[in-house]
Chemist: 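A single structure is presented below for examination.
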Amino acid sequence: MYDQYKTITLSGLAEQLHYTVPYCSKYLKNVFGCTFSAMIQKIRFQNAECLLRNSDMTVSEVGKEIGYEHTENFFRVFKKHYHMTPSQYRAAIQEETNMQTVCGDRDVIKR
């Protein structure tokens, strides 16, 4: 997994680009339409979705993998963003996958 987003900071990015922090912040907002922290959070949650869908990692391990040191913070932010806990999200995805498999089998039988 690509881990650089866990440690990158706006000041570090600005330094690499030889920009001031305020200029870099405004530039990112103008180009991408969101703040630096919102971009990082989006990447983290894309990775969390992938891990919850495709791995057997515990929810705590997923939170740590995407850069949250404290599981409680991961749960709180995840629930605010998705309106469900990571465990509920995983269960919903598994149920959806099971339903697609069952419905897909029915389509094959009908033909």
Side-chain angles (χ1 to χ4, degrees):
M1 204 138 299
Y2 187 68
D3 292 333
Q4 197 169 20
Y5 71 89
K6 290 184 196 176
T7 58
I8 193 166
T9 62
L10 180 59
S11 60
L13 179 63
E15 186 178 321
Q16 287 182 358
L17 297 173
H18 305 289
Y19 292 152
T20 64
V21 172
Y23 179 82
C24 188
S25 178
K26 287 179 187 176
Y27 180 80
L28 292 173
K29 178 120 177 157
N30 287 337
V31 171
F32 296 106
C34 63
T35 64
F36 175 78
S37 60
M39 286 191 306
I40 296 300
Q41 187 175 54
K42 182 177 181 179
I43 293 167
R44 283 179 170 175
F45 281 111
Q46 287 173 343
N47 286 326
E49 285 181 32
C50 182
L51 291 170
L52 290 168
R53 285 176 187 262
N54 303 311
S55 80
D56 292 331
M57 294 172 76
T58 67
V59 172
S60 296
E61 290 170 336
V62 170
K64 289 188 186 323
E65 178 65 25
I66 68 163
Y68 283 88
E69 290 184 37
H70 302 287
T71 304
E72 302 81 22
N73 290 340
F74 173 56
F75 271 66
R76 182 178 42 78
V77 176
F78 191 97
K79 188 169 184 176
K80 182 177 180 182
H81 186 75
Y82 291 96
H83 307 289
M84 64 179 80
T85 67
S87 298
Q88 291 169 332
Y89 178 87
R90 178 178 267 166
I93 292 302
Q94 288 172 346
E95 184 176 318
E96 180 182 306
T97 302
N98 291 340
M99 288 301 293
Q100 287 174 350
T101 302
V102 169
C103 291
D105 291 344
R106 286 185 186 157
D107 289 342
V108 171
I109 293 169
K110 287 180 184 176
R111 291 182 188 173

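Atom set for the values below is all heavy atoms of this structure, side chains included, hydrogens, waters and symmetry mates excluded. This structure is a prediction, so every number in the text was calculated from the model and none was measured.
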Chemist: Would you call Leu13 and Leu28 a side-chain contact if the rule is heavy atoms closer than 4.5 Å?
Modeler: yes

Chemist: Check whether the side chains of Ser37 and Thr35 place a donor and an acceptor atom closer than 3.5 Å, and report yes or no.
Modeler: yes

Chemist: For Glu15, is the CD atom crowded, meaning more than 12 foreign heavy atoms sit under 6.0 Å from it?
Modeler: no

Chemist: Could you check whether the rings of Tyr89 and Tyr82 sit parallel, tilted or perpendicular, using 30° and 60° as the cut-offs?
Modeler: tilted

Chemist: Measure the OG1-NZ distance between Thr20 and Lys26 for me, rounded to the nearest 0.5 Å.
Modeler: 8.5 Å

Chemist: What distance do Gln46 atom CD and Leu51 atom CG have between them, rounded to the nearest 0.5 Å?
Modeler: 12.0 Å

Chemist: Side chains of Arg90 and Ile93: does their closest heavy-atom pair fall under 4.5 Å?
Modeler: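 Sidechains of Ile93 and Arg90: no contact.
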
Chemist: Kindly give the heavy-atom pair with the smallest separation between Leu10 and Cys24, and that separation in Å.
Modeler: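 Shortest heavy-atom separation between Leu10 and Cys24 comes out as CD1-SG, 3.9 Å.
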
Chemist: Rounded to the nearest 0.5 Å, what separation is found between the CD1 atom of Ile40 and the SG atom of Cys34?
Modeler: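 Atom-to-atom, Ile40:CD1 and Cys34:SG are 9.5 Å apart.
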
Chemist: Going by heavy atoms in the side chains, are Val77 and Arg44 under 4.5 Å from each other?
Modeler: no

Chemist: State, with a plain yes or no, whether a side-chain heavy atom of Met57 is found less than 4.5 Å away from one of Glu65.
Modeler: yes

Chemist: Let me confirm one number: the OG1-CZ distance from Thr85 to Phe74, rounded to the nearest 0.5 Å.
Modeler: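 Taking OG1 in Thr85 and CZ in Phe74, the distance rounds to 9.5 Å.
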
Chemist: Roughly how far apart are His81 NE2 and Arg76 CZ, rounded to 0.5 Å?
Modeler: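 Separation between the atoms: 14.0 Å.
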
Chemist: Measure from the side-chain N and O atoms of Glu61 to the backbone N and O of Thr58, and report whether any donor-acceptor pair falls under 3.5 Å.
Modeler: yes

Chemist: So, does Lys64 use its side chain to make a donor-acceptor pair with the main chain of Glu69 at under 3.5 Å?
Modeler: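 Indeed, once roles are kept as given, a pair shorter than 3.5 Å links the two residues.
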
Chemist: Would you indicate whether the side-chain heavy atoms of Phe36 and Ser25 approach each other to under 4.5 Å?
Modeler: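 Sidechains of Phe36 and Ser25: no contact.
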
Chemist: State the CG-CZ distance between Asn73 and Phe78, to the nearest 0.5 angstrom.
Modeler: 14.5 Å

Chemist: According to the interplanar angle, ranging from 0 to 90°, do the rings of Tyr19 and Tyr23 count as parallel (below 30°), tilted (30 to 60°) or perpendicular (above 60°)?
Modeler: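 The arrangement is perpendicular - the two ring planes meet at more than 60°.
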
